[in-house]
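Report on the structure given below.
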Amino acid sequence: MSRVSLDTLLSRSERNIGSGMNAIVKKSALEVIRRAYKEGINVQISHGMRTYAEQNALYAQGRTKPGNIVTNARGGQSNHNFGLAVDYFLTTWDGSKATWSVNSDWRRVAAIGKSLGFEWGGDWRSFKDYPHLEMTGGLSTAQLRAGRRPSLKDRTGTKTAAPSKVVSEPASGGTDWVKDAQKWANSRDYPSKARFKELDEDGLPGPLSFDAFLRIYQYFGKTGIDGEWGPKSRAAAVIQDKDNHTPGWTRLLQATLCLYGYKLKVDGIFGRNTDKALRAFQRSRGITDDGITGPNTFTEMFKAA
Ligand SMILES: [Zn+2]
């Protein structure tokens with residue numbers, strides 16, 4: 001049986017890490033994989049960035065939805081929501097299967113992570129979270145929710161800013177398309193009309209961005225602006241699709257899809273790319289992928305904002 005290649009472990013992990021991660025956290029996580037590989041341990045990252053909505057869906061698992069409880073954190077309570085945490089697991093020698101026993105190899109990976117500046121969830125006193133590695137730079141989740149971000153130290157000792165696949169992302173860890181979405185939110189006097197603080201155009205799809213977009217939605221829908229998703233907001237959803245749409249709602253749709261990781265131009269033109277991204281988003285949420293926005297789609301987008 002031949003060993004899985006390091007590149008395979010790295011590229012699978014990069015895919016699972018997702019966009020919007022802090023650049024140093026991501027780089028350090030990939031360095032953990034490289035160092036462990038040299039010691040004969042195959043490790044892969046299963047999760048990195050999670051939106052509030054994804055976090056809430058995970059919280060529901062084992063509570064209101066089937067499955068085992070895997071987290072005690074709701075949206076905004078996990079450092080995954082701020083791109084500062086990753087989860088790992090080990091694989092078999094050929095990389096075909098995940099293994100989850102917390103053995104000496106598993107602990108060795110945690111030790112490598114700690115040497116690079118990570119805190120390990122296996123060291124926590126109350127809820128031990130063995131797959132979890134995070135870097136918060138000493139900030140609390142309350143501070144992170146309020147929009148503060150740590151300045152972290154790169155302890156990898158490697159010069160490459162990021163692996164080849166992420167060169168399109170600026171050094172901050174943000175993406176250009178999220179930056180464009182944030183620029184749009186800051187335009188047309190939306191911050192004062194929809195009552196939110198002008199967004200940092202950092203390309204990171206954080207909670208403040210979701211909050212601002214929901215407020216713009218409420219401004220468009222004339223529901224009263226409180227930043228909470230409720231029945232009134234749901235009732236204000238405007239039905240739009242490729243053949244029947246207005247530029248304002250389309251921009252809001254495009255910008256929100258950008259926050260969810262879809263690379264779109266916020267141009268108000270409901271073309272093939274927007275249609276494709278919308279359908280992919282709908283599939284990812286388990287709702288009908290009809291390319292039509294309405295109450296269900298907007299609920300999926302904003303309910304946990
Ligand atoms: Zn975790």
Side-chain angles (χ1 to χ4, degrees), residues 1-51 54-55 57-62 65-73 78-81 83-124 127-135 154-158 160 162-166 173 261 280 283-284 286:
M1 187 166 61
S2 63
R3 187 179 188 188
V4 61
S5 75
L6 175 60
D7 278 347
T8 299
L9 294 174
L10 289 170
S11 69
R12 285 177 185 166
S13 297
E14 277 204 68
R15 204 165 49 227
N16 292 341
I17 282 171
S19 62
M21 284 290 285
N22 175 289
I24 288 173
V25 174
K26 179 171 178 174
K27 184 182 172 191
S28 305
L30 297 175
E31 182 67 14
V32 169
I33 300 171
R34 287 194 191 90
R35 292 192 186 181
Y37 193 83
K38 271 191 204 147
E39 298 183 19
I41 304 170
N42 296 341
V43 55
Q44 223 177 282
I45 305 298
S46 61
H47 293 96
M49 185 69 193
R50 267 186 218 130
T51 63
E54 287 162 347
Q55 186 70 37
L58 199 68
Y59 183 82
Q61 188 182 316
K65 298 223 172 100
N68 296 321
I69 288 183
V70 289
T71 182
N72 278 342
S78 163
N79 290 320
H80 286 284
N81 306 141
L84 299 175
V86 295
D87 296 333
Y88 70 89
F89 59 92
L90 306 185
T91 80
T92 51
W93 191 248
D94 67 353
S96 67
K97 285 199 185 75
T99 65
W100 294 96
S101 52
V102 182
N103 54 20
S104 57
D105 281 355
W106 190 288
R107 289 176 190 281
R108 177 61 196 147
V109 173
I112 294 170
K114 288 197 255 183
S115 75
L116 293 170
F118 281 107
E119 189 182 318
W120 180 41
D123 290 330
W124 292 348
F127 178 75
K128 292 210 183 282
D129 191 353
Y130 291 106
H132 184 96
L133 294 170
E134 68 176 34
M135 287 187 196
D154 180 355
R155 293 185 168 87
T156 60
T158 57
T160 46
S164 55
K165 279 198 183 133
V166 294
R283 275 194 299 279
S284 78

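The analysis underlying the following values was restricted to heavy atoms, covering all of them including side chains, and did not include hydrogens, waters or symmetry mates. Because the structure is a prediction, the values reported are computed rather than measured.
- Counting all heavy atoms, side chain and backbone alike, K128 lies closest to G122 at NZ-O, 3.4 Å.
- In this structure, I45 and N16 approach most closely via the heavy-atom pair O-ND2, 2.9 Å.
- Atoms CD1 and CG, on I33 and D7 in that order, are 11.0 Å from each other to the nearest 0.5 Å.
- Of all heavy-atom pairs spanning N22 and I24, the tightest one is OD1-N, 2.8 Å.
- The distance from the OG1 atom of T91 to the CD1 atom of I41 is 11.0 Å, given to the nearest 0.5 Å.
- Sorted by first then second residue, the salt bridge (charged side-chain N to carboxylate O under 4.0 Å, His left out) pairs that include residues 83-98, not counting sequence neighbours, are R50-D87.
- Side-chain atoms of Q61 never come within 3.5 Å of backbone atoms of P66 as a donor-acceptor pair (strictly under, hydrogens ignored).
- To the nearest 0.5 Å, atom CE of residue M135 and atom CG of residue L84 are 9.5 Å apart.
- A donor-acceptor contact shorter than 3.5 Å is absent between the side chain of S101 and the backbone of N103.
- Shortest non-hydrogen contact noted between M49 and S19 is CG-O, 3.3 Å.
- The minimum heavy-atom distance between G48 and H80, with the atom names listed, is O-ND1, 2.8 Å.
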Derivation and outcome, side-chain contact (heavy atoms from CB on, under 4.5 Å), residues R107 and W120:
CA-CA 10 Å; R107 289 176 190 281; W120 180 41; 3.7 Å; yes
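- Between E134 and V86, the closest side-chain pair of non-hydrogen atoms is not below 4.5 Å.
- Under the 4.5 Å side-chain criterion, counting only non-hydrogen atoms from C-beta, I17 is in contact with L30.
- In this structure T99 satisfies the side chain to side chain donor-acceptor pair (under 3.5 Å) test with no other residue, sequence neighbours excluded.
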What's the verdict on side-chain contact (heavy atoms from CB on, under 4.5 Å) for M1 and T92, showing C-alpha distance, side-chain angles and the deciding distance?
CA-CA 10 Å; M1 187 166 61; T92 51; 5.7 Å; no
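- Taking both residues in full, the closest heavy atoms of A85 and V25 are given as N-CG1, 4.2 Å, listed atom of the first, atom of the second, then distance.
- R283 pairs by the salt bridge (Lys or Arg N to Asp or Glu O under 4.0 Å) definition with D289, not counting sequence neighbours.
- Annotation: the span from Q44 atom CD to R15 atom CZ amounts to 8.5 Å, rounded to 0.5 Å.
- For the pair E39 (side chain) and A36 (backbone), a donor-acceptor distance under 3.5 Å is absent.
- Using a 4.5 Å cut-off on side-chain heavy atoms (C-beta onward), S78 and N81 make contact.
- Applying the ring-ring contact (aromatic ring centres under 6.0 Å, His included) test to residues at least two apart or on different chains, the pairs with a partner in residues 94-116 are Y88-W106, F89-W100.
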Let me have the donor-acceptor pairs involving side chains of residues 109-119, under 3.5 Å, with sequence neighbours excluded, atom names and distances please.
{"from": "K114", "atom 1": "NZ", "to": "D123", "atom 2": "OD2", "distance (Å)": "2.7"}
{"from": "S115", "atom 1": "OG", "to": "I112", "atom 2": "O", "distance (Å)": "2.6"}
{"from": "E119", "atom 1": "OE2", "to": "W124", "atom 2": "NE1", "distance (Å)": "2.8"}

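- R35 meets the salt bridge (Lys or Arg N to Asp or Glu O under 4.0 Å) test with E31; sequence neighbours excluded.
- A donor-acceptor pair is defined here as one N or O able to donate and one able to accept, closer than 3.5 Å; such a pair exists between the side chain of N42 and the backbone of W93.
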